[in-house]
> 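Would you mind keeping the following structure in view while I ask a few things?
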Number of protein chains: 2
Amino acid sequence: MEISGPASTREHPAAHVTGALERLTRFLVRLGPRGDLSLTAVGTLGTLERSGPCRLTELAAHEGVTQPAMTQLVSRLQESGLVTRTSDPDDKRVVQVRITDAGRAALAGRRETRAAMLAELLDQLSEDERASLVAAVPAIDRLTHLAPEDR
Amino acid sequence: MEISGPASTREHPAAHVTGALERLTRFLVRLGPRGDLSLTAVGTLGTLERSGPCRLTELAAHEGVTQPAMTQLVSRLQESGLVTRTSDPDDKRVVQVRITDAGRAALAGRRETRAAMLAELLDQLSEDERASLVAAVPAIDRLTHLAPEDR
DNA sequence: CATGCTTATATCACCACATTATGTATCCGT
DNA sequence: ACGGATACATAATGTGGTGATATAAGCATG
């Protein structure tokens with residue numbers, strides 16, 4: 001039994017963490033206000049808010065869905081008034097998608113709702129447990145920014 | 001500004017943790033082997049493995065989906081040979097759903113796959129980051145077992 | 001012990017969101 | 001100016017969800 005493989009440092013943690021993250025995922029997905037925006041919609045709006053207007057194809061790649069899926073999503077978001085489609089004057093093929101004030105508001109509202117729900121749950125944890133979650137946030141952020149193109 | 005409300009201890013952590021968990025959720029959902037079992041299917045199989053045979057309605061409530069959705073899911077799982085439907089002799093209305101060996105195997109296989117994928121990503125983190133995730137596992141487990149009936 | 005409410009599941013019609021394959025318009029290099 | 005590449009839209013399809021409603025079994029009661 002080797003002390004440390006070149007890549008996988010002891011597999012116990014991975015299995016352990018994986019199980020927890022699986023359960024967490026299902027838990028968080030089910031937590032949401034049911035009739036609301038899809039996960040991809042939230043991600044897309046977030047990207048638009050963070051990085052400004054963006055072409056449709058870039059958005060699709062960034063959110064990890066196909067271009068047609070993004071076309072449909074943007075259409076729905078546009079109908080709901082959360083984004084606008086404006087065609088680029090320089091290249092009339094491209095569509096610039098831009099978040100609207102209503103979109104920002106929807107995003108903020110959702111965040112507030114979810115934060116409130118989570119806060120309520122976090123309150124039921126011990127001080128130590130909360131602290132351990134807060135301490136894990138940087139690692140979680142690193143994790144979510146890893147491997148953006150290996151898929 | 002009160003030092004501690006009766007319920008919500010400082011809201012900074014909640015907002016902070018919420019954002020991270022939102023991103024994590026999208027990340028993990030998109031990580032999965034695409035053509036595989038749905039999130040609800042995995043949850044259901046997991047519940048059956050953990051708690052033994054269960055009525056359909058209980059399963060639906062436990063997984064947070066409607067009864068028709070669970071009826072459909074169980075039908076699909078049954079067709080795939082991952083569960084069995086047996087009608088309760090005491091109350092002929094109820095259906096007992098039971099996981100099969102194939103179901104357990106599917107679950108184990110999936111876990112292995114995901115653990116491997118995650119292990120690969122965890123390897124890209126620093127030792128400290130990994131440690132912080134491992135340390136957060138108990139809190140995550142507590143969290144996911146909270147509020148099972150408040151919805 | 002028949003009538004009627006409740007409970008457990010199934011079925012139906014529909015919708016949201018994704019995929020692949022393909023169409024259409026625009027740009028660009030030779 | 002033509003031909004291929006690029007950006008987006010459209011079409012056909014699949015999966016997994018919802019609410020409304022049907023069916024059938026249990027249960028309570030007059």
Side-chain angles (χ1 to χ4, degrees), chain A residues 25-26 28-45 48 53-80 82-98 106 110 151, chain B residues 25-45 47-48 53-80 82-98 106 110 151:
Chain A
T25 301
R26 272 186 290 114
L28 291 175
V29 165
R30 297 230 156 26
L31 195 64
R34 289 307 205 273
D36 225 328
L37 298 163
S38 77
L39 220 54
T40 307
V42 173
T44 303
L45 288 175
L48 290 173
C54 190
R55 353 177 116 199
L56 212 149
T57 313
E58 280 179 43
L59 270 181
H62 192 272
E63 302 304 323
V65 297
T66 58
Q67 170 263 311
M70 187 52 70
T71 294
Q72 287 184 110
L73 173 58
V74 167
S75 298
R76 276 187 310 255
L77 292 176
Q78 187 180 18
E79 275 174 39
S80 310
L82 305 184
V83 305
T84 59
R85 251 201 194 91
T86 49
S87 95
D88 187 329
D90 292 351
D91 183 342
K92 282 187 277 186
R93 292 170 304 176
V94 327
V95 169
Q96 291 284 345
V97 184
R98 186 183 307 265
R110 190 196 139 96
R151 327 199 296 274
Chain B
T25 302
R26 272 187 290 115
F27 179 75
L28 290 175
V29 166
R30 294 220 160 29
L31 194 64
R34 288 306 205 271
D36 225 326
L37 298 162
S38 76
L39 217 56
T40 308
V42 173
T44 302
L45 288 175
T47 300
L48 290 173
C54 191
R55 356 177 114 198
L56 214 151
T57 313
E58 279 178 44
L59 270 181
H62 192 272
E63 302 304 322
V65 297
T66 58
Q67 170 264 312
M70 187 52 70
T71 293
Q72 287 186 127
L73 173 57
V74 168
S75 297
R76 266 172 303 172
L77 292 176
Q78 187 180 18
E79 275 174 38
S80 310
L82 306 185
V83 305
T84 59
R85 250 200 194 91
T86 48
S87 96
D88 187 329
D90 292 352
D91 184 342
K92 283 187 277 187
R93 294 170 304 175
V94 328
V95 169
Q96 291 284 345
V97 184
R98 186 183 308 264
R110 190 197 138 96
R151 329 200 296 272

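Every chain is numbered from 1 and lettered A, B, ... according to where its sequence line falls, protein lines coming before strand lines. Just so we're clear, the structure is a prediction, and the values are computed from it rather than from any experiment.
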> If only side-chain N and O atoms of A:Thr71 are considered, is one of them under 4.0 Å from the OP1 or OP2 phosphate oxygen of D:dA9?
yes

> Is there a donor-acceptor contact under 3.5 Å linking the side chains of A:Thr71 and A:Gln67?
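Checked: A:Thr71/A:Gln67 side chains pair up, N/O donor to acceptor below 3.5 Å.
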
> Quick check: on DNA chain C, is the nucleotide nearest A:Met70 upstream (toward 5') of the one nearest B:Arg55, or the reverse? Name the residue that is more 5'.
B:Arg55

> Compare all side-chain heavy atoms of A:Leu82 with those of A:Leu37 and state whether any distance is below 4.5 angstrom.
yes

> Roughly how many Å is it from CD in B:Glu63 to P in D:dT18, rounded to a whole number?
12 Å

> So which of A:Leu59, A:Val97, A:Leu73 actually passes side chain to side chain contact (heavy atoms under 4.5 Å, CB included) with A:Val83?
A:Val97

> Does A:Arg85 place a side-chain N or O at less than 4.0 Å from the phosphate oxygens OP1/OP2 of D:dA9?
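Looking at the OP1 and OP2 atoms of D:dA9, one of them is under 4.0 Å from a side-chain N or O of A:Arg85.
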
> Mind calculating the distance between CG (A:Leu73) and C1' (C:dA16) to the nearest angstrom?
11 Å

> Round to a whole Å and report the spacing from CG of B:Leu56 to P of D:dA24.
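Answer to the nearest Å: 17 Å.
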
> Can you find an N or O donor on one side and an acceptor on the other, under 3.5 Å apart, linking the side chain of B:Gln67 with the base of C:dA10?
yes

> Measure the distance from CG on B:Leu77 to P on D:dT15 and round it to the nearest whole Å.
13 Å

> Which whole-number value in Å describes the distance from A:Gln72 CD to D:dT13 C1'?
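Result: 11 Å.
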
> To the side chain of B:Pro68, which of C:dA18, C:dA10, D:dA9 is closest?
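Per side-chain heavy atoms of B:Pro68, the pick is C:dA10.
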
> When the distance from NE2 of A:His62 to C1' of D:dA7 is rounded to whole Å, what number comes out?
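The distance from NE2 of A:His62 to C1' of D:dA7 comes to 19 Å, rounded to the nearest Å.
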
> So if I apply the side chain to side chain contact (heavy atoms under 4.5 Å, CB included) rule between B:Met70 and each of B:Arg55, B:His62, B:Glu63, which one comes out positive?
B:Glu63

> Using OP1 and OP2 only, check whether a side-chain N or O of A:Arg76 sits under 4.0 Å from C:dC17.
yes

> Examine C:dT19: is either OP1 or OP2 under 4.0 Å from a nitrogen or oxygen in the side chain of A:Thr66? Give yes or no.
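It does, given that an N or O in the side chain of A:Thr66 lies less than 4.0 Å from OP1 or OP2 of C:dT19.
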
> On the nucleotide C:dA16, are OP1 or OP2 found under 4.0 Å from the side-chain N or O atoms that A:Ser38 carries?
no

> May I ask you to evaluate whether A:Thr57 reaches the phosphate of D:dT6, defined as a side-chain N or O under 4.0 Å from OP1 or OP2?
no

> Encode nucleotides 25-30 of chain C as B, S and - characters from 5' to 3', where the letter depends on protein heavy atoms closer than 4.0 Å: B to the base, S only to sugar-phosphate, - to neither.
-BS---

> Looking across every strand, which nucleic acid part, if any, lies under 4.0 Å from B:Ser75 by heavy atom: base, sugar-phosphate, or nothing?
nothing

